[in-house]
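Notes for the one structure printed next.
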Amino acid sequence: MEARARRRGVPLAWGRDGSALRGYAARMQIADRTIGYRRYSVAGRHIVDTWILAQFYDVAARDLPSYGLKDMARHFGVASSDRTYLPPEDIPRIFQEDPDRLMAYARDDVMETLALSAILSPAYFVQAQALPFDYQTTVLRGNATKVDALLLREYLHRGQAIPAPQSGVAVAGGYTAILQRGVARHVLHVDVASLYPSIMLTQGIFPRSDRLGVAASLLADLKTFRLSAKALAREAPDETRRALLGGLQQTFKILINSFYGYLAFSQGHWNDFEAANRVTAEGRQLVTALVERLEAAGATVIEVDTDGLYFVPPAPSGPSRGVASAADPQEEERLLAALASILPDGIQLELDGRYPAMFSYKMKNYVLLDARGKLVVKGSGLRSRGIELFQRQWMEEVFRLLLTGRRDEIPTLARRWEEDFRAHRVPVKQFMKTETFQDSLVAYQEKLKSGTRNPSAAYELALRSNRPYQPGDQVSFYVAGGGPRVNEAAKLAASWDPAAPDENTGYYIGKLRELYDKFRPLIERNGLVSVAEEEAAAPIQGELF
DNA sequence: GCTAGCTGATGCCCG
DNA sequence: AACGGGCATCAGCTAGCG
């Protein structure tokens, strides 16, 4: 709209005072990545971009197929079944020949955007009422900056000086371990509720420079507010009110969890790295104590990550020991009570889930089968967007067979996939890789020249395409020819022709085989194997089989 | 001259 | 401009081998 208006000489006087829209190139950090976008300001109004809200949402959820409007609308269930879809490349022609159809399409787009905004924006609108930021800024600022702003406001209000941020020292994180690999039956997941904030509150760990004790009272107040919002949401008489209160408590939860991160935030005026270290040390100690207590009770602990763990409860004594068994609910309750009893007052243990089966692969990488038969895949090695779709599908199918007791069907499945590749029955969408640019193309070329990074297929293709790619943009590609360097054989996915498929079949079949080999020992064992024993048997090798 | 194995960088994910 | 801990992949390098 900005470009069209400039071209036609139409002033976009959208300000409440009649002033014009202003826009400028900006970049922002969303979790691990930087995106380039155009930031706008209009006097007296707030521009909140649903595309950015989508990316913030996805930081935690990581379940969006893409950030495009159509995919988003379908994902959130707001796409109407009779909406108009038009192929983008035909839009100029349709505009000429059938403008009404184009307008219907545009109207559907606007309605979907509005519906997405109604889902994704209320949490920020609520925050804007609690923070010394306007609505638009509330969306764009990070959580630690928001905590800092709350402290700043209180100190200024009381006429007190603001300390300078301390320079950073290393902070150790949570305890993570994998004790068993392979297939487990009847798995429980317990976790400590709000581990770090609870430690801060119960142990009184707050920034040393916060002489007024603002952080401590803020955290306590936010926790109280959150719990009452949560209770009110449960009792809310109608859907609208429930959604509002639900958003409120979600927002508080995020802010509450940011207090720990704030301690180690290098730009925070009241940061305190030593305090951050005490919080994580206490967290490691609590979780380790849970592991020890469970093992003493005869449970098999599978994996541990920061504030929770997966385990198989002790089998009833007798000959069935070690065999999957239906749990005795009373015994289970006794075990959980015993577990909770070793935690200090104010630290709550929660039974977070119960799973008929689990496949434990590596730290932070596992698959759960829930009681409804749904498969939950966790970990970068198993569900990363950096893995081609066919690998993720292969894994999903294999893990489902493995966890539902049909592992004898796995070899047939693996063969079928190979045959599909050999017969070019697999479309490009399934074997292309999609990467998001972190650097600008210029920055990439500089790093290459100075030897600080290696060539990457995605950037090389973007450079060859002569299109203006920006950080945050994505490119999809596949491997066509042979050669020693895989990246040199890459081609844009858009250039793949189903009538003349030129993908490197050998390369992809090789990938299928590597995939199978990776999991084969665990599939064949069809049970748990202790990592300690594995390591004792093969102490030198990193790979265990 | 070849290769296994290591290293560093990148990208993505878990809590 | 929240934190640390992990895994997979790639290209380049190097020690060790024949």
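By convention in this document, chain letters (A, B, ...) are assigned in the order of the sequence lines, proteins followed by strands, and residues within each chain are numbered from 1.
Atom CG in A/Asn365 sits about 6 Å away from atom P in C/dA8, given to the nearest Å. Rounding to whole angstrom units, CD1 of residue A/Ile35 and P of C/dA1 are separated by 12 Å. One can place CG of A/Leu515 at 11 Å from P of C/dA8, the figure rounded to the nearest angstrom. Straight-line distance from the NE2 atom of A/His269 to the C1' atom of C/dA1: 13 Å, rounded to whole Å. For A/Leu195 and B/dG15, the CG to P distance is 13 Å, given to the nearest whole Å. Per the geometry, CG belonging to A/Asn271 stands 16 Å off P belonging to C/dA1, to the nearest Å. For A/Arg284 and C/dG4, the CZ to P distance is 12 Å, given to the nearest whole Å. In this structure, the CD atom of A/Glu303 is 16 Å from the P atom of C/dG5, given to the nearest Å.
With sequence neighbours excluded, the residues satisfying ring-ring contact (aromatic ring centres under 6.0 Å, His included) with A/Tyr155 are A/Trp270. By the ring-ring contact (aromatic ring centres under 6.0 Å, His included) test, A/Tyr196 pairs with A/Tyr260, sequence neighbours left out. Residues passing the ring-ring contact (aromatic ring centres under 6.0 Å, His included) test with A/Tyr37: none are found, sequence neighbours excluded. Checked against ring-ring contact (aromatic ring centres under 6.0 Å, His included), A/Phe125 has the following partners two or more places apart in sequence or in another chain: A/Tyr135.
No side-chain donor-acceptor contact under 3.5 Å links A/Arg181 to the backbone of A/Leu522.
Between A/Tyr310 and B/dC14, a side-chain N or O to OP1/OP2 separation shorter than 4.0 Å is absent.
Summarising the local packing, CZ of A/Phe273 is surrounded by more than 12 heavy atoms from other residues, nucleotides or ligands at distances under 6.0 Å.
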Checklist entry - A/Tyr361 and A/Lys518: side chain to side chain contact (heavy atoms under 4.5 Å, CB included), yes or no, with the steps? => result CA-CA 10 Å; A/Tyr361 176 53; A/Lys518 220 161 69 166; 3.3 Å; yes
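Rounded to the nearest 0.5 angstrom, A/Ile410 CD1 and A/Arg520 CZ are separated by 10.5 Å.
Out of B/dG15, C/dG6, C/dC10, the shortest distance to the side chain of A/Met363 is found at C/dG6.
Remark: A/Gly261, A/Ala264, A/Phe265, A/Gln267 in residues 257-268 of chain A come within less than 4.0 Å of DNA chain C through at least one heavy atom.
A/Ala172 comes within 4.0 angstrom of the backbone, heavy atoms only, and of no base. Among the atoms of the strands shown, none is found under 4.0 Å from any heavy atom of A/Tyr444. Across all strands, A/Leu309 comes closer than 4.0 Å to no nucleic acid atom at all (heavy-atom distances).
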Checklist entry - Base, backbone or nothing for each nucleotide of nucleotides 5-13 of chain B, written B, S, -, heavy atoms under 4.0 angstrom, 5' to 3'? => result ---BSSSBB
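Map A/Glu514 and A/Thr306 each onto its nearest nucleotide of DNA chain C; the residue landing nearer the 5' end is A/Thr306.
No side-chain donor-acceptor contact under 3.5 Å links A/Ser530 and A/Gln180.
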